[in-house]
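So the structure is just underneath, and the comments pick up after that.
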Amino acid sequence: ALQRSLRQRPLDPLGWARLAYVKVQQGRRAEAAEALSRSLATGRFIPGFMQWRFAQGLGLWDDLDDTVKAGMADQAGLLWRKRKWNLIRLGRVAPFSAPLETLMRDYHPASLDEFLHGRGPLRHTH
C-alpha cells in the first residue's frame, strides 16, 4: 500500500521515509537507503519530522553513498541551527554516536568541538 501511494504521490517525503523504515525492518538496507535518499530529495526542512528521518539515516550510515551522506550532512546542519540540543542528544545514543561524530567531523568541522563538548563522554562505548 505504501509503494502504491508513492507511485501516486512521488513527492511525499514522509512516505519515502516510512518506506525506508519498512525496508530496514525487512532487512533490505540498500532499498532503505534509496527510499531515504528520495525522502531527503523531496523534503529538506520538515520540522517535527526531520529528527526521526535523520536517526534512520544514522542507522543506515554505512549503507549510504556519498550523495546521501551529503544530504544527511545538510540535515545535520539544519538540526544544528534549529534544534542543536536534539542533535547533541542523538549523539549520546549508542547506535548513533559514532556515525554522528563522523558526520560532524567530516562535514561540519567548525561545530565539532561544541558538539563533542555538549555530548560529553560516552560511557556506553567503553
Side-chain angles (χ1 to χ4, degrees):
L2 188 52
Q3 289 175 317
R4 193 169 43 251
S5 172
L6 286 167
R7 280 192 293 274
Q8 294 172 350
R9 297 183 59 215
L11 300 179
D12 177 9
L14 280 69
W16 286 112
R18 286 184 195 107
L19 183 61
Y21 176 81
V22 168
K23 294 299 183 182
V24 166
Q25 301 310 307
Q26 294 173 337
R28 298 162 77 174
R29 296 177 63 85
E31 291 175 46
E34 175 59 30
L36 179 71
S37 174
R38 299 285 299 265
S39 178
L40 291 169
T42 56
R44 181 174 178 256
F45 181 71
I46 305 171
F49 166 69
M50 288 172 50
Q51 186 170 328
W52 178 75
R53 178 177 62 189
F54 186 74
Q56 280 194 86
L58 290 175
L60 287 166
W61 187 255
D62 292 335
D63 299 287
L64 303 178
D65 66 25
D66 290 341
T67 301
V68 182
K69 285 181 179 181
M72 286 287 295
D74 174 64
Q75 294 292 285
L78 288 169
L79 286 167
W80 184 254
R81 288 191 297 280
K82 302 292 184 183
R83 304 259 193 289
K84 182 180 293 190
W85 285 103
N86 288 357
L87 192 67
I88 288 170
R89 280 191 289 274
L90 270 177
R92 294 175 181 157
V93 177
F96 305 140
S97 55
L100 186 48
E101 185 174 333
T102 298
L103 184 154
M104 294 299 287
R105 178 173 287 112
D106 292 350
Y107 294 93
H108 301 287
S111 301
L112 180 62
D113 287 342
E114 185 180 357
F115 169 77
L116 293 174
H117 179 75
R119 184 192 70 186
L122 298 174
R123 300 184 203 301
H124 61 268
T125 60
H126 301 293

Open item on the list: Looking at R119 and R92, would you say the former's side chain and the latter's main chain have a donor-acceptor pair under 3.5 Å?
Closed with: no
Task: Nearest non-hydrogen partners of A17 and F49, listed with the distance - done: CB-CZ, 3.4 Å
Task: Minimum heavy-atom distance T42-P10, with the two atoms named - done: CG2-O, 3.9 Å
TODO: Report yes if the side chains of L14 and I46 come closer than 4.5 Å at any heavy-atom pair, otherwise no.
DONE: yes
Open item on the list: Is there a side-chain contact between L100 and L87 in this structure, where contact means two heavy atoms from C-beta onward sitting under 4.5 Å apart?
Closed with: yes
- [ ] To the nearest 0.5 Å, tell me how far L103 CG sits from M72 CE.
- [x] 6.5 Å
- [ ] Flag yes if more than 12 heavy atoms outside Y21 fall under 6.0 Å of its OH atom; otherwise flag no.
- [x] no
Task: Minimum side-chain heavy-atom gap Q75-R44 below 4.5 Å - done: yes
Task: Which atom of S97 lies closest to which atom of G91, heavy atoms considered - done: CB-O, 3.1 Å
Task: Smallest separation among heavy atoms of L64 and G57, with atom names - done: CD1-O, 3.6 Å
Task: Gap between atom CD of E101 and atom CZ of R105 - 0.5 Å precision - done: 4.5 Å
- [ ] For residues K69 and Y107, determine if any side-chain heavy atom of one lies less than 4.5 Å from a side-chain heavy atom of the other.
- [x] yes
Open item on the list: Tell me the closest heavy-atom pair linking S111 and M104, and the distance in Å.
Closed with: CB-CE, 3.9 Å
Open item on the list: Let me check something: do L36 and L11 share a hydrophobic cluster, defined by ILVMFWY side-chain heavy atoms less than 4.5 Å apart, either directly or through other members?
Closed with: no
Open item on the list: Contact between E31 and L19 at the side-chain level, heavy atoms closer than 4.5 Å - yes or no?
Closed with: no
Task: Any residue meeting salt bridge (charged side-chain N to carboxylate O under 4.0 Å, His left out) with K84, in chain and number order, not counting sequence neighbours - done: E114
- [ ] Mark yes or no for whether R83, through its side chain, and L79, through its backbone, hold a donor-acceptor pair below 3.5 Å.
- [x] no
Open item on the list: Taking the side chain as everything from C-beta on, heavy atoms only, tell me whether R53 gets closer than 4.5 Å to L40.
Closed with: yes
Open item on the list: Quick one, H108 with F115, criterion side-chain contact (heavy atoms from CB on, under 4.5 Å). Give me CA distance, side-chain angles, the key distance, then yes/no.
Closed with: CA-CA 10 Å; H108 301 287; F115 169 77; over 6 Å; no
TODO: Take atom CD of Q3 as the centre, draw a 6.0 Å sphere, and report whether it contains more than 12 heavy atoms from other residues, nucleotides or ligands.
DONE: no
Open item on the list: Please check this pair: side chain of S5 against backbone of A1, looking for a donor-acceptor N/O pair closer than 3.5 Å.
Closed with: no
Open item on the list: Once side chain to side chain donor-acceptor pair (under 3.5 Å) is applied, what residue pairs with a partner in residues 57-66 remain, sequence neighbours excluded?
Closed with: R29-D63
TODO: Only counting residues at least two apart or in another chain, list the ones meeting side chain to side chain contact (heavy atoms under 4.5 Å, CB included) with Q51.
DONE: N86, L90
